[in-house]
Structures are given as structure tokens and as C-alpha cells.
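One structure is given here, and the rest of the page talks about it.
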Amino acid sequence: MKSCLIVDDSRVIRRVSRHILESLDFAVEEAEDGQLGIDHCKAAMPDVVLLDWNMPVMTGIEFVAKLRTLPGGDVPKVIFCTTENDMAHIREAISAGADEYVMKPFDHETLQIKLQLVGMV
């Protein structure tokens, strides 16, 4: 079973994302900020990270930059999931190490397509 870590400060987004991911047979863990997400990755590196941009403690950009420096941190597919939708933000996310980008709000089909694009379903 593939694993996904949802890193988002919104409990609602984490709940919706968990429901979608579990329906796609992912084992799901959650972190409410980037630092807790990094701590989780140090303990058990996930296959996929669904990542918010704007969070307290550590932003999504800071998270992905730090993740990519960890042992095994080059392995997880990172999908930014955010309301930031301009090309400058998308380019910044990809250049920081993200693999894909999905706009909030999203639905089951949209997230499934993004997971297919990164080879996870």
C-alpha cells in the first residue's frame, strides 16, 4: 500500500484529502504544519506528499526545500495543493522541488489525475 502525508493547516482540507486518498488505497498520515511534516518524513518517508503553500511555522516552499535535503527526501512525489494559482507561484513550486500542482478546491477526479501524472495510481 502506498503512503501519503497530507501537510496542511486546514483540518477540513486534511479530512477531504484523507477521504479521497483512502478511497484510492493510500495509507494516510497528516501534519498540520511544515515542521510536523518534516518530523514525520524523518521518521517514515511517504511515497507522496500533498502539500499546502501557506502554513504557520514552515511554508510549503520551505518544507519541500528541506524535504529534498533529507536522506531519501528525493523519493516522495510532492503535489502542491493551494489557492495560489498564478504562473509565478506554480514555477516557484516546481523549481523548489514539487512534482505537480493542484488548485483548491479540488475533487476526487482532479486529485486522482494529478496522482496518475506523478505515477502513484
Side-chain angles (χ1 to χ4, degrees):
M1 178 177 277
K2 290 190 169 112
S3 61
C4 182
L5 174 63
I6 303 165
V7 184
D8 198 305
D9 59 326
S10 166
R11 185 180 316 138
V12 172
I13 294 295
R14 291 194 314 267
R15 187 177 312 138
V16 168
S17 300
R18 174 183 282 277
H19 178 74
I20 293 169
L21 289 158
E22 287 178 343
S23 77
L24 296 170
D25 292 324
F26 279 86
V28 179
E29 295 292 331
E30 300 177 19
E32 61 194 46
D33 66 54
Q35 185 57 58
L36 292 172
I38 289 295
D39 294 345
H40 177 85
C41 290
K42 287 177 179 176
M45 197 63 73
D47 296 306
V48 181
V49 177
L50 193 61
L51 181 62
D52 187 21
W53 188 290
N54 298 305
M55 296 178 290
V57 184
M58 180 186 293
T59 68
I61 290 291
E62 292 167 335
F63 171 90
V64 74
K66 186 158 184 115
L67 171 70
R68 295 306 191 203
T69 68
L70 296 176
D74 58 328
V75 173
K77 299 297 184 185
V78 175
I79 301 174
F80 260 102
C81 173
T82 182
T83 56
E84 305 292 350
N85 63 359
D86 58 89
M87 284 307 296
H89 279 97
I90 294 169
R91 275 194 296 274
E92 184 178 357
I94 299 301
S95 66
D99 297 286
E100 258 306 332
Y101 204 93
V102 65
M103 298 305 306
K104 288 179 184 175
F106 56 88
D107 60 12
H108 185 284
E109 182 180 0
T110 303
L111 187 54
Q112 185 172 359
I113 287 168
K114 294 298 183 175
L115 288 163
Q116 286 171 338
L117 287 172
V118 298
M120 286 291 124
V121 285

State the SG-NZ distance between Cys4 and Lys77, to the nearest 0.5 angstrom. 13.5 Å
Interatomic spacing from CG in Asp9 to CG in Asn54 - rounded to 0.5 Å: 8.0 Å
I need the minimum non-hydrogen distance between Pro76 and Gly72, along with the two atoms involved. CD-O, 3.4 Å
Minimum-distance pair of heavy atoms, taken over all atoms of Pro56 and Asp33: O-CB, 3.4 Å
To the nearest 0.5 Å, how far apart are CG in Leu21 and CG in Leu5? 10.5 Å
Where at least one partner belongs to residues 64-92, residue pairs that pass ring pair (Phe, Tyr, Trp, His ring centres under 6.0 Å), sequence neighbours excluded: Trp53-Phe80, Trp53-His89
Membership question, hydrophobic clusters at under 4.5 Å side-chain separation (ILVMFWY): are Met45 and Leu51 in the same one? yes
Do you know which two heavy atoms are closest between Asp107 and Ile20, and how far apart they sit? C-CD1, 3.9 Å
Ala93 and Ile61: which non-hydrogen atoms are nearest, and at how many Å? CA-CD1, 3.8 Å
Are the side chains of Ile94 and Arg91 in contact, using a 4.5 Å heavy-atom criterion? no
Other than Ile113, what residues sit in its cluster of Ile, Leu, Val, Met, Phe, Trp and Tyr side chains whose heavy atoms are under 4.5 Å apart, directly or through others? Leu117
Ignoring hydrogens and geometry, is there a side-chain-to-backbone donor-acceptor pair from Lys114 to Tyr101 under 3.5 Å? yes
Does CD belonging to Gln112 count more than 12 external heavy atoms closer than 6.0 Å? yes
Distance, nearest 0.5 Å, that separates CG of Leu67 from CG of Leu70: 6.0 Å
Measuring from atom CG of Asp8 to atom OG1 of Thr82, what distance do you get when rounded to the nearest 0.5 angstrom? 8.5 Å
Same apolar cluster: Val78 and Ile6, side chain cutoff 4.5 Å: no
Do Val16 and Leu115 share a hydrophobic cluster, counting only Ile, Leu, Val, Met, Phe, Trp and Tyr and linking them when any side-chain heavy atoms are less than 4.5 Å apart? yes
Please report the interatomic distance SG(Cys81) to CG(Asp52), rounded to the nearest 0.5 Å. 7.0 Å
Same cluster for Leu24 and Val118 if Ile/Leu/Val/Met/Phe/Trp/Tyr side chains link at under 4.5 Å? yes
Give the minimum heavy-atom separation between Ser17 and Leu50, together with the two atoms involved. OG-CD2, 3.5 Å
Flag, side chain of Asp47 to backbone of Ser3, donor-acceptor distance under 3.5 Å: yes
Do you know the tightest heavy-atom contact between Met120 and Val48? CG-CG2, 3.2 Å
Are His108 and Ser23 side-chain neighbours, meaning at least one heavy-atom pair lies under 4.5 Å? yes
What about Leu36 and Val28, same hydrophobic cluster or not, with Ile/Leu/Val/Met/Phe/Trp/Tyr joined at side-chain heavy-atom distances under 4.5 Å? no
Check the surroundings of atom NE2 in His19: do more than 12 heavy atoms from other residues, nucleotides or ligands lie under 6.0 Å from it? no
Using only atom types and a distance under 3.5 Å, with no angle test, would you say the side chain of Thr69 pairs donor to acceptor with the backbone of Lys66? yes
